[in-house]
Amino acid sequence: MSEDIENNKPSNFIKEIIDEDLKEKRYTHVHTRFPPEPNGYLHIGHAKSICLNFGLAEEYGGKTNLRFDDTNPTKEDVEYVESIKEDIKWLGFDWEDRLFFASDYFDTLYEYAVKLIKKGKAYVDSSSYEQIKEERGAPTKPGVESKYRNRTVEENLDLFERMKNGEFGDGEHVLRAKIDMTSPNMNLRDPIMYRIRHAEHHRTGKEWCIYPMYDWAHGQSDSIEGITHSICTLEFENHRPLYDWFVEELEIHHPRQIEFARLNLSYTIMSKRKLLQLVEEGHVSGWDDPRMPTISAFRRRGYTPESIRNFSDEVGIAKRDNVIDIFRLEYSIRQDLNKRSMRVMGVLNPLKVELLNYPEGQVEELDAINNPEDESMGKRKVPFSRELYIDAHDFQENPHKKFFRLSPGREVRLRYAYIIKCEEVIKDADGNIEKLLCTYDIETKSGSGKSDKKVKGTIHWVSAQHAVNAEVRLYDRLFNVPNPGDDKDVDFKDHINPNSLEVLTHSLVEPYLKNAKPGDRFQFERLGYFCVDSKDSSEDHLVFNRTVTLRDSWAKIEKRGNK
RNA sequence: UGCCCUGUGGUGUAAUGGUAACACAGAGGUCUCUGGAACCUUAGUUUCGGGUUCGAAUCCUGACAGGGCAACCA
C-alpha cells in the first residue's frame, strides 16, 4: 500500500513512481505543470489532467505551473488563453506567479538548437515537404537519409541563422535533429525541430518567422522550468525517447515523463477538433453551450467545481483505454447539489387546478423547508390560493397502475400544503385537458397534525396569481450513442441527438425565485437541479438550465411499461 | 505486419506471490409530505494456453484482442 493515508484520495501508479523517485532521491521534490495549447476551450478530460497535476503537487507539497504550449501561431489565440485561465481558476487551482508560455523560451530554444548544430546533432534540410514525407518511410518501412543530412556545421549554422532572419519563405527549409532514419520509432527519424512560418504570434508578434515544433519545445520547456514529473497522455509515450534524447544531448535537467490514459465520457466526444466543428457549424450555440463537455459549458449548466474535482479523483488514473459512464458524472453533481442546494417549486408544463371549496381571494403563506439535508438553511413562505398550477406530468386521466399522482377521483398531497382530490376534468373542444376542478381537505394542512390521512403521492405546485414566468432549458445527451467518436464509417455528427435541447417558455416558478441571480443553483423539487443561465437570463426574463434530473424511479417504471 | 503500450464484473478503479474488493450502473426492499436523499439485500469479474511456486490477477513464456505511431499539429 502506498503511504498517502492522510488524504483520502486513492493511490495510483503515478504516485507509486513519484514515491520511488523521492525515495531514491532522483528528485528532492515534486513540480508538475499543466501545458495546454491555446487552440480551443478546455474540456472535462483536461479537467482530469488539471486535477491530477495540481492535486499531485498539493499532496506532495510541491508546485504546479501553468504553461501554454503556444508554438503554432496559426492555430492559437488569446481568447483561448483567457478562457483556459478562467476555467482553471474556477476549478479552484492556483498557479500563483507561475504563468508561462513556451514562447517565453523561444530565445533559449534557439540557442539550444545552435548547440545541437554545433555538436553535429542537427541540420538544415532543404528538401520539399513531399520529399521529407517520402523519406521518412512508414512504420514497417525504414526511412532514408536526406541528401542534406551531411551538411557542414558551418553551413547549417549559416542557413539556420538566415532562416531566423527571414531570408527564406515558408517551407523552404527546416531544422532537423540528426538521429536515426531507420529507427523503428518514427519519432526518432530525424524529427523536425523548426519550420519557417511567416505568421504573427499572439504574444511575440512578428519577432519570429521560425517556430519550434511541439516535440522540440515541450521537453525543453519542462526542463527549463525544473519540472520533475511531466504527466501527459498515452499518445506521447513514443515521443519520450525523443524528449530524453534532447535533454541528454543538451545536458540539461531531465524531467520524468509519465503517461496516463485520457478520459473518455460516454455519449460525448473529447476531441478538440470535433468540438470546434460543432461550434463552427452551429450544432451548438458555442463552446459554452451547456450540452458541450467543456468546462465552461459545465459551469454554465450548473455543475460545481467540487463535483468535477470529485469526479476526477474518483474515476482514477491508469494506462488502459477507458470510457467513463456519464452516470458517474451525474452521480457526482447530484451528490454535491443534494447537500447544498435550496429547494424550490417550479412547474415545467403548467396545468391549471381550481380548488372549488377554497375561499376566493384568500391567500395563505405556507412554510416550506429550504433544504432537508441542511437545517441551517431554514425555511421560507410559499403563497397558496384557490387557483394553482401543477405539472401536466403529474396528472393521468387513465392512470398506469403504479402511478401515484393525481387522477380523476383520486387524492394527492400538494407539497407543504393540503391533500386535494380531483373531482372533474375540464376539456376544450378538441378534447385537450384545460383545467382540473378539485377540492381540498382543510384538515390535512402540512404541519397541522389534525389529520393522519395518508396518500401515496406528493406533487409540487405554484399559486397562479403569484407564480413567476420562466424559460426552462432541458438538456439531454448531445449524442445518442455511447461512443459517437468511435465509428469510423459514420460521421460523428450523424449521431447527434436531435432532442438534446428542449426549451419550455411557459414554465412557472414560485415567487421566491423572482430575484434569482445568474449562476444561482436550485433544486426544483421532484424534478432536478437548475441553474440560472449566466448569459440569457435577466430580471424580466428568467432562464433556467437543467443541470441534471433527480434520480427518477418513476421514469424507470414508465420505460419498462412501454416495452 | 515494425516498434511502443494495455488486457480484472456492464463501466471504471483496487488487490504489489497468500480469502479478488470498492464505486457507479442493474435487480429487489425499508423509509419518506420530494417516486429525491438515506439505509438494507442481491447478482455479476481476473482474455486464452503453457511454465515457476505449497500457493499466481500478480512472476516467466507463447498466443489472442484492443489502442498508439508514417502533420513543416499538439
Side-chain angles (χ1 to χ4, degrees), chain A residues 1-2 10-13 16 35-37 39 69-72 74-76 125 128-129 132-134 136-143 170-176 183-189 191-197 210-211 213-215 217-218 232-241 259 261 266 272-273 314-332 334-335 338-339 343 345 369 372-373 402-405 412-417 419 444 446-447 454-460 482 523-528 549-557:
Chain A
M1 293 294 267
S2 88
S11 186
N12 58 53
F13 80 97
E16 283 172 18
E37 183 191 12
N39 69 341
D69 268 329
D70 54 351
T71 55
N72 186 353
T74 61
K75 287 189 177 172
E76 295 149 7
D125 195 336
S128 67
Y129 179 95
I132 290 174
K133 189 182 167 80
E134 178 64 31
R136 185 157 30 229
T140 54
K141 181 181 150 218
D170 289 4
E172 279 188 51
H173 309 279
V174 290
L175 184 73
R176 300 177 73 175
S183 172
N185 182 343
M186 300 285 296
N187 297 116
L188 265 18
R189 319 243 263 228
I192 292 169
M193 295 163 64
Y194 276 97
R195 74 285 215 190
I196 299 171
R197 280 268 182 294
I210 55 170
Y211 290 95
M213 297 290 291
Y214 173 86
D215 273 350
H218 187 78
C232 63
T233 43
L234 253 27
E235 69 268 30
F236 295 106
E237 213 155 20
N238 290 335
H239 297 239
R240 177 157 32 92
E259 307 87 9
S266 64
K272 265 197 206 177
R273 204 195 85 243
E314 277 162 18
V315 295
I317 306 291
K319 293 190 78 161
R320 67 186 96 127
D321 291 334
N322 61 81
V323 181
I324 307 293
D325 202 324
I326 186 76
F327 282 121
R328 198 68 178 255
L329 217 209
E330 293 182 348
Y331 172 80
S332 187
R334 283 191 188 109
Q335 192 179 237
N338 174 51
K339 279 178 284 180
R343 271 64 168 171
M345 290 194 283
I369 294 165
E373 304 288 322
K402 285 196 169 172
F403 187 76
F404 300 152
R405 286 106 95 152
V412 76
R413 171 169 289 282
L414 293 181
R415 179 79 160 151
Y416 297 124
I419 289 176
T444 59
S446 284
K454 296 273 182 202
V455 284
K456 274 198 150 174
T458 298
I459 63 173
H460 56 275
Q523 182 198 98
F524 286 9
E525 292 217 31
R526 306 206 310 128
L527 297 175
T549 62
L550 251 28
R551 272 183 60 205
D552 189 350
S553 43
W554 166 245
K556 279 183 198 168
I557 293 168

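Values below: every heavy atom of this structure, side chains too, minus hydrogens, waters and symmetry copies. Nothing here was measured: the structure is a model prediction, and the numbers come from that model. Below, chain A is the first sequence line, B the second, and so on; all start at residue 1.
B:C4 atom P lies 13 Å from atom CG of A:Leu188, rounded to whole Å. Atoms CG (A:Asp325) and P (B:U13) sit 13 Å apart, rounded to a whole Å. Note: CZ (A:Arg415) to P (B:U32) measures 14 Å, nearest angstrom. A:Asn12 places its CG atom 16 Å from the C1' atom of B:A23, with the value rounded to the nearest Å. One can place CG of A:Asp321 at 10 Å from P of B:U13, the figure rounded to the nearest angstrom. Taking atom CG on A:Asp552 and atom P on B:G26, their separation rounds to 12 Å, with Å as the unit. Between A:Arg343 atom CZ and B:U32 atom C1' there is a gap of 14 Å when expressed in whole angstrom units. A straight line from CD of A:Glu525 to C1' of B:A37 spans 11 Å, rounded to a whole angstrom.
Under the Watson-Crick or G-U wobble criterion, with both distances below 3.5 Å, B:A23 is paired with B:U11. For B:A38, the paired nucleotide is B:U30, the pair qualifying as Watson-Crick or G-U wobble because both relevant distances are below 3.5 Å. Figure legend. B:A57 is base-paired to no nucleotide; pairs are counted as Watson-Crick or G-U wobble with both atom distances under 3.5 Å. In a base pair of the Watson-Crick type (N1 to N3 plus N6-O4 or O6-N4) or a G-U wobble (N1-O2 and O6-N3), with each distance short of 3.5 Å, B:A65 is matched with B:U6.
A:Gly447 comes within 4.0 angstrom of a base, heavy atoms only. Backbone-only engagement by A:Ile324 is indicated by non-hydrogen atom pairs under 4.0 Å involving sugar-phosphate atoms exclusively. Residue contacts for A:Glu237: at a heavy-atom cut-off of 4.0 Å it reaches the sugar-phosphate backbone alone, with no base atom in range. Among the heavy atoms of the strands lying under 4.0 Å from A:Phe403 is at least one base atom, whether or not backbone atoms are also near. Contact annotation for A:Arg240: no contact, since no heavy-atom pair falls under 4.0 Å across all strands. If you check every strand for non-hydrogen atoms under 4.0 Å, A:Ile317 touches sugar and phosphate atoms only. Within 4.0 Å (heavy atoms only), A:Arg413 reaches at least one base atom of the nucleic acid. Counting non-hydrogen atoms under 4.0 angstrom, A:Pro372 reaches a base of the nucleic acid. When heavy atoms are screened at a 4.0 angstrom cut-off, A:Phe404 is found touching base atoms of the nucleic acid. Among the atoms of the strands shown, base atoms are found under 4.0 Å from some heavy atom of A:Gln523.
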Report the C-alpha distance between A:Ile192 and A:Asp125 in whole Å, list the side-chain angles of each, state the deciding distance to 0.1 Å, and finish with yes or no for side chain to side chain contact (heavy atoms under 4.5 Å, CB included). CA-CA 9 Å; A:Ile192 292 169; A:Asp125 195 336; over 6 Å; no
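The shortest side-chain heavy-atom distance between A:Glu373 and A:Gln523 does not fall under the 4.5 Å cut-off. Inter-residue side-chain proximity for A:Thr458 and A:Val412 is flagged as unmet; no heavy-atom pair is nearer than 4.5 Å. In this structure, A:Ile369 and A:Tyr416 have side chains that are in contact, with non-hydrogen atoms separated by less than 4.5 Å. Within the 4.5 Å cutoff, the side chain of A:Glu259 has heavy atoms near those of the A:Arg240 side chain.
In this structure a side-chain-to-backbone donor-acceptor pair under 3.5 Å is present from A:Ser183 to A:Asn185. In terms of modelled atom types and a separation under 3.5 Å, the side chain of A:Thr444 and the main chain of A:Ile419 share a donor-acceptor contact. Using modelled atom types, one side-chain atom of A:Arg189 and one backbone atom of A:Ala138 make a donor-acceptor pair closer than 3.5 Å.
Of all heavy-atom pairs spanning A:Val323 and A:Ser266, the tightest one is CG1-N, 3.7 Å.
Nucleotides B:A56 and B:G17 are separated by 7 Å at their C1' atoms, to the nearest Å. Rounded to a whole angstrom, the distance from the P atom of B:A63 to that of B:G55 is 26 Å. Spacing between B:C40 and B:C31 at atom P, rounded to whole Å, works out to 15 Å. B:G10 and B:U42: their C1' atoms are spaced 16 Å apart (whole Å). Atom C1' of B:C4 sits at a distance of 30 Å from the matching atom of B:A20, rounded to the whole Å. Comparing the P positions of B:U46 and B:U52 gives an interatomic distance of 24 Å, to the nearest angstrom. With both ends at atom C1', the span from B:C60 to B:A71 equals 41 Å, rounded to whole Å. Taking the P atoms as reference points, B:A74 lies 49 Å from B:U19, given to the whole Å.
Phosphate contact (OP1/OP2 of B:G36, side-chain N/O of A:Ser553, threshold under 4.0 Å): present. Proximity of A:Lys556 to the phosphate of B:G26: a side-chain N or O atom is located under 4.0 Å from OP1 or OP2.
Here the nucleotide nearest the side chain of A:Arg551, chosen from B:U6, B:A37, B:A14, is B:A37. When the nucleotides B:G7, B:G35, B:G36 are ranked by their closest atom to the side chain of A:Asn338, B:G36 comes out on top.
Both A:Ala417 and A:Leu550 sit near RNA chain B, but only A:Ala417 has its closest nucleotide nearer the 5' end. Nearest-nucleotide positions on RNA chain B place A:Val315 closer to the 5' end than the other of A:Val315 and A:Tyr416.
Using cut-offs of 30° and 60° for the angle between ring planes, the A:Tyr214 and A:Phe236 rings count as tilted.
You'll find a donor-acceptor pair under 3.5 Å spanning the side chain of A:Arg405 and the base of B:G35, going by distance alone. Judged by distance alone, with hydrogens and angles left aside, A:Arg328 brings no side-chain donor or acceptor close enough to the base of B:U13 to form a pair under 3.5 Å. With hydrogens and angles ignored, a donor-acceptor pair closer than 3.5 Å exists between the side chain of A:Glu373 and the base of B:G36.
B:A71 adopts a syn glycosidic conformation, its chi angle falling within 90° of 0.
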Protein-proximity profile, nucleotides 69-74 of chain B, B/S/- by nucleotide at the 4.0 Å heavy-atom cutoff, equals SBSBSB
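One finds no salt bridge joining A:Lys75 and A:Glu37 here, because no Lys/Arg side-chain nitrogen approaches an Asp/Glu carboxylate oxygen to under 4.0 Å.
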